[in-house]
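Comments concern the structure below.
These numbers were taken from a predicted model, which means no experiment stands behind them. In listed order, ligands and their atoms are each counted from 1. FYI, side chains are in, hydrogens and waters are out, and symmetry mates aren't considered; it's all heavy atoms of this structure.
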Amino acid sequence: MGTAEPQVAAAGDVQQASIDGFQLVIDALKLNGIDTIYGLPGIPITDLTRRAQADGIRVLSFRHEQNAGYAASIAGFLTQKPGICLTVSAPGFLNGLNALAHATVNCFPMILISGSSEREIVDLQQGDYEEMDQLAIAKPVAKAAFRVLHAEDIGVGIARAIRAAVSGRPGGVYLDLPAKLFAQSIDAAAGRNSLIKVVDPAPRQIPAPEAVKRALDLLKSAKKPLIILGKGAAYAHADGEIRALVEKTGIPYLPMSMAKGLLEDTHELCASAARSFVLPAADVVMLIGARLNWLLSHGKGKTWGGKGHKDWGGQKFIQVDISPQEADSNVRIDAPVVGDIASCVLAMVAALGPECPRPPQEWLAAVADKKKGNVAKMAETLAKNPSPMNFHSALAVVRDIVKANPDAMLVNEGANALDFTRSIVDMYKPRKRIDVGTWGIMGVGMGYCVAAAVVTKHQVIAVEGDSAFGFSGMEVETICRYNLPVCIVIMNNNGVYKGTDVNPTGGPDVAPTVFVKGARYDKLMEAFGGVGVHATTPAELRKAMEDAIRSRKPTLINAVIDETAGTESGRITSLNPSAKKK
Ligand SMILES: Cc1ncc(C[n+]2csc(CCOP(=O)(O)OP(=O)(O)O)c2C)c(N)n1
Ligand SMILES: [Mg+2]
């Protein structure tokens, strides 16, 4: 009897004085300013989601890990902090893996944290619950991959993951946390002391002065200079410096899709409406955070004025990029400038001096002239009001709504629904347009909507192809559950690209690109308490969008589009062997 009391007290003390793996993970994340987790609970991370929420981290629960992953990836892009996606083992991990690869390819900082099964059993392939060697599988698609086996190493593991995700060229990082780690308890003081608050996670990388000089000398020698802004430029949050560079030099610029709005698309130097003129005509091109990948036709071929599809067009290139390996990936780079975009642009603006020569007037006039013609042509098309509604008449409405709400985030995916939106809907502010990115991936839509609403608190407008929407459509429940100000506009043309294909055999199956005709996606939103609208005219679409923005209620507008209106593969018909033959 006499010994019972102290024992209880001692047990209490021991409990107080120890800390478990769950808590160390949560504390390590919080210590590094991570306030949101995008995930889906289950063994072995259910308690991690519960305890993270209890500790003040916002835990957003999705219906499928892929969407949580896309949300985390774009949160990383928008905030420059790694977006965290949390999944269960094997199948949950694999569902999240697509987004991890997407983050790596697009240079978005993201950490996929997955629970995993018992190492000994996995390594002997003895058939554990959800057994999989996740670390090995993640490695090829991640910028880095780590596993933590001991609670004492959680601090280091999370610090390494954060540094790998955001430093240099950002990317997707995998962090493997086996189930047994969470239950490990260690001395509380030692545990807390083992955590690391990462100092300067994405250090500035200052470009070499001689590289800056080489680049500016080349730029000043140009007769027909062009600047191309990529999403790396948008990521850099160097909006003032980039504007200063463009306006000081007076050089026409082309924004890549997610760089739209870095300077307003209506800026007099924006050459988007003259893209097919400026690319082959330019003599010196400065790429800022833009890679010469397929989206820029690899810097050669007919797009650039080359004779054949692999021929150099004769341009000289300046490439501003954080990665020293990027230069010469597709064509010769005459003046690489390596460093973080903000530091590079700042250095260039400073080196330009007050008296910066403007490009020759003939060049500026030629670009302006081309723009004027194309803008007038587009205005004519947009003014038409055909019945049924087509992409142009519907997107003319979206264009007006975005102009009136320049702070709104615009999420965009699809083929025609993507290409037409990109060219018709002007953006006015940086990092407002988020889309399919480097891979032209379908399925980012609803995950992006959730993250955009949560991170920015602004209204979100999503323009979605009906096929594209289907990849993540179930997350409308998530959007309703968290009552997010998201207005989804589905460009419903009954299928992939268009709804008019027929089965050549005459059999009962419809063609592979065709969906249920006249589907009512709006009812899906109503099922979860959101607002669903069926819109068949631009006027109905306009009213529904205005109502959605006024109310900030989750809204889905089923915009019925002429099913013959689209083209195969949107703008990238050339990559589609069968369409090319036609
Ligand atoms: C993950 C993934 N799967 C498939 C594709 C191929 N793909 C490209 S666009 C597209 C859908 C186009 O249809 P929709 O979204 O309805 O746009 P529309 O052209 O009809 O406006 C598909 C399936 C892809 N890009 N990504
Ligand atoms: Mg479609």
Side-chain angles (χ1 to χ4, degrees), residues 64-67 69-70 73-74 94-106 141 257 293-295 388-398 410-425 434-449 462-476 488-501 510-522 524 535-536 541 556-580:
H64 190 294
E65 291 89 348
Q66 181 170 299
N67 306 317
Y70 289 144
S73 75
I74 206 67
L94 286 173
N95 285 346
L97 200 61
N98 202 325
L100 186 72
H102 169 74
T104 303
V105 165
N106 283 275
V141 299
S257 197
N293 57 22
W294 70 280
L295 288 158
M389 174 159 74
N390 64 9
F391 285 104
H392 289 89
S393 59
L395 287 168
V397 172
V398 177
L410 181 68
V411 173
N412 191 200
E413 60 177 339
N416 294 281
L418 175 86
D419 294 336
F420 286 127
T421 304
R422 189 177 52 236
S423 58
I424 293 170
V425 178
I434 48 180
D435 65 28
V436 299
T438 308
W439 268 349
I441 204 167
M442 299 297 113
V444 292
M446 297 305 104
Y448 274 21
C449 283
V463 178
E464 299 272 315
D466 52 334
S467 165
F469 172 74
F471 287 74
S472 66
M474 193 62 203
E475 303 295 347
V476 293
I488 304 154
V489 180
I490 296 189
M491 299 277 154
N492 189 355
N493 60 354
N494 297 337
V496 177
Y497 313 136
K498 48 165 96 189
T500 49
D501 268 14
V510 295
T513 53
V514 170
F515 296 150
V516 165
K517 303 262 183 207
R520 293 291 302 269
Y521 293 100
D522 46 314
L524 209 58
T536 58
L541 175 59
L556 191 156
I557 305 165
N558 183 49
V560 180
I561 302 293
D562 181 356
E563 64 174 8
T564 67
T567 61
E568 178 100 5
S569 306
R571 290 261 171 94
I572 51 173
T573 306
S574 61
L575 298 182
N576 186 339
S578 89
K580 208 173 172 180

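Between the CG atom of Leu395 and the CG atom of Leu541 there is a distance of 8.5 Å, given to the nearest 0.5 Å. Taking CG from Asp466 and CG from Asn493, the interatomic distance works out to 5.0 Å, rounded to the nearest 0.5 Å.
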Checklist entry - Between Tyr70 and Asn98, does a side-chain hydrogen bond (donor to acceptor under 3.5 Å, both in side chains) hold up when you go through it step by step? => result CA-CA 8 Å; Tyr70 289 144; Asn98 202 325; 3.3 Å; yes
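Taking a distance limit of 4.0 Å, we find that atom 1 (C) of ligand 1 is approached by some protein heavy atom.
When all heavy atoms of Ser472 and Met446 are compared, the pair lying nearest together is OG-N, 3.0 Å. Shortest non-hydrogen contact noted between Asn390 and Ile561 is O-CD1, 3.8 Å. Between Thr567 and Tyr497, the shortest heavy-atom distance links the atoms O-CB, 3.7 Å.
Not a single heavy atom of Gly443 sits under 4.0 Å from any atom of ligand 1.
Between Asp466 atom OD1 and Asn493 atom OD1, the angle centred on the Mg ion (ligand 2) amounts to 90° (nearest 10°).
Residue-to-ligand polar distances keep Val496 apart from ligand 1: every N/O pair is separated by 3.5 Å or more. Residue Ala417 places at least one N or O, backbone or side chain, under 3.5 Å from an N or O of ligand 1. Residue contacts with ligand 1: Glu413 is placed with no nitrogen or oxygen under 3.5 Å of a nitrogen or oxygen of the ligand (distance criterion only). At least one N or O atom of Asp466 sits closer than 3.5 Å to an N or O atom of ligand 1. When only interatomic distances are considered, the shortest N/O to N/O separation between Gly440 and ligand 1 falls below 3.5 Å. Between Ile441 and ligand 1, a contact under 3.5 Å exists for no N or O pair.
A side-chain contact (heavy atoms from CB on, under 4.5 Å) with Val489 is found for one member of Ile557, Thr421, Val397 and no other, namely Ile557.
Looking only at distances, no side-chain donor or acceptor of Asp562 sits under 3.5 Å from a matching main-chain atom of Pro388. Asn558 contributes no side-chain N or O that, together with a main-chain N or O of Ile490, makes up a donor-acceptor pair within less than 3.5 Å. A donor-acceptor distance shorter than 3.5 angstrom exists from the side chain of Glu413 to the backbone of Gly445, with no hydrogens or angles considered. Side-chain atoms of Glu464 do not come within 3.5 Å of backbone N or O of Gly470 as any donor-acceptor pair.
The Mg ion (ligand 2) has no N, O or S atom of Phe515 inside 2.8 Å of it.
Of the listed residues (Ser467, Ala468, Gly495, Pro512), the one carrying the non-hydrogen atom nearest atom 11 (C) of ligand 1 is Ser467. The heavy atom nearest to atom 26 (N) of ligand 1, out of those in Glu464, Met442, His102, is found in Met442. Between the choices Val463, Asn416, Ile561, the shortest heavy-atom distance to atom 19 (O) of ligand 1 belongs to Asn416.
Atoms of ligand 1 lying under 4.0 Å from at least one heavy atom of Ala415, given by number and element, are 9 (S), 12 (C), 17 (O), 18 (P), 19 (O). Within ligand 1, the atoms closer than 4.0 Å to a non-hydrogen atom of Phe391 are 21 (O), numbered from 1 in the order shown.
Under 4.0 Å from ligand 1, the heavy atoms of Phe471 that appear belong solely to its side chain.
When hydrogens are left out, the protein atom nearest atom 20 (O) of ligand 1 is Asn493 ND2, 3.0 Å; that is the closest non-hydrogen contact.
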